[in-house]
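The structure under discussion appears below in the form of structure tokens.
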Amino acid sequence: MQPTTLVTSAILLIISIHQVVHVASEFLPEDSKLNTIELATKYKHPPLQFEVVTEDGYILALFRLPGRSKVPVLLVHGLGDSSDTWLLRGSTSLAITLADDGYDVWLANVRGNRYSRRHVHLNPDKDPAFWRYSFHEIGYYDLPAIIDTILKTTKAESLTYIGHSQGTTASYVLGSQRKEYNSKINVMISLAPVAYLHHTPPPISILIDLSPVIEQVFKDLSIHEVFGDNTTLGYVIHRLCPLPFIGYFVCTYSLAFPTAGYDPPELEPKFSQISSTHYPAGTSSRSIVHFLQVGYREKFAQYDYGSEGNVKHYNSTEPPVYRLDQVTMPVALLVGDNDNLSTVPDVELLKQQLANVVYYNLNPRLLCNHLDFVWGRHMSDYLYPQIYEVLDSYKHF
Ligand SMILES: *[C@@H]1O[C@H](CO)[C@@H](O)[C@H](O)[C@H]1NC(C)=O
Ligand SMILES: *[C@@H]1O[C@H](CO)[C@@H](O)[C@H](O)[C@H]1NC(C)=O
Ligand SMILES: *[C@@H]1O[C@H](CO)[C@@H](O)[C@H](O)[C@H]1NC(C)=O
């Protein structure tokens, strides 16, 4: 084939893929296209929006679905996710279920995602410094600023915290690093808790083994933001994954299930069209590297800068380990047997070290995976009873 023919064919192919994606997007479910405010409003809880500025200058969007409970409930999403996640199951999603029952529901967005991609002086598009954070800074800076805003606004003395995945990791950082916050959380409900990653099976364990290489690649290619809406990867995922048949096969079947655990009945093709337009919502490459380090070093510790960098940052060649015995807030652990990210033995290690575990539940649904805790089709049958059991033992009204 002539080179020009090849180029012409390539261009035609790109144009036709573009057309297919464009036409397909016309047929997506309505909730694929709605943001947090629009989703909450559609399901009858029009939210208020707050702007939270952290001690280190990040500007975070915080949403409130007002309710009459005296104790507010804060929901904190996982890695690369956003407040949308708590609304994607519509009237049976956790945020709407709690709001329908009168809870005062608050939805966090941590630094770097599509709602919190702002800073008082750093420009996320130009300053790599904006992206130098991981779950450590989220726990150390974002959570205190968010919690203080909620307590100040509601005049409540404490709140209930419900976290998913990284949303749990950051809460353990908070409890161990800023001890005064333990008393501001009446109970911390951990959905798919993550502090250790030594027992994670492949394919994640392969990434963990490659952790030093992945870190170097990010460095060499100057990749700071990952999975953001306007990054190449984010752009491609949001357009290809919602495509009928092929999108489900590539994104959910071949990528999400091997990582999170296999559970097709709970994460069906039509819902994947909704979740994959909302997720991922953007994060930093360092956030991913820090989790990989946790698995690689088999320690729940601060970011590893290498011995020289560690001496500079921590005055020690090794990064300090998070003291889980100093996390004194009451913690409820809700675990999935088929969760291939947050595995049962890793949660067991966490449970042994936390100072105040008040509840532990291995989900009765044996196929329960990492994503079912936010996206499961029938969460209200197999997950909400446990969440309400914990909520009911702390006085909210
Ligand atoms: C992506 O780009 C669009 C158009 O420039 C902009 O409106 C939007 O805020 C950007 N989103 C993110 C998360 O960067
Ligand atoms: C999850 O991990 C288990 C145990 O290692 C493994 O048997 C199973 O195949 C994994 N699931 C998927 C979808 O890879
Ligand atoms: C650094 O660590 C050494 C030995 O552990 C200690 O003697 C020294 O005081 C520390 N320096 C600072 C600034 O904390």
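Just so you know, residue 1 is the first one in the sequence shown, and it goes up from there. Counting starts at 1 for both ligands and their atoms, following the listed order. Keep in mind that the numbers below use all heavy atoms, side chains included, and drop hydrogens, waters and symmetry copies.
Note: W106 and F50 have tilted aromatic rings, judged against thresholds of 30 and 60 degrees for the angle between ring planes. Ring-plane geometry between Y322 and F135 is classed as tilted, the angle between the planes lying from 30 to 60 degrees on a 0 to 90 degree scale.
Residue N340 places at least one N or O, backbone or side chain, under 3.5 Å from an N or O of ligand 2.
In this structure, the side chain of S287 does not engage the main chain of T283 through any donor-acceptor pair within 3.5 Å. Using modelled atom types, no side-chain atom of T85 and backbone atom of D81 make a donor-acceptor pair closer than 3.5 Å. Side chain of H77 to main chain of L75: no donor-acceptor pair is present (N/O by atom type, distance under 3.5 Å, no hydrogens or angles).
Closest to atom 2 (O) of ligand 3 among all protein heavy atoms lies N315 ND2, 2.5 Å. In terms of protein heavy atoms, atom 3 (C) of ligand 1 is closest to N230 ND2, 3.6 Å. For atom 13 (C) of ligand 2, the nearest protein heavy atom (residue, atom name, distance) is F257 O, 3.3 Å.
For atom 9 (O) of ligand 3, no protein heavy-atom neighbour is present inside the 4.0 Å cut-off. Protein heavy atoms are found less than 4.0 angstrom from atom 5 (O) of ligand 2.
A cation-pi arrangement is present between R89 and F271, with the terminal nitrogen or guanidinium carbon under 6.0 Å from the aromatic centre and inside a 45° cone about the axis.
Those atoms of ligand 2 with a heavy atom of Y262 less than 4.0 angstrom away are 13 (C). Listed by number with element, the atoms of ligand 1 under 4.0 Å from a non-hydrogen atom of R117 are 13 (C), 14 (O).
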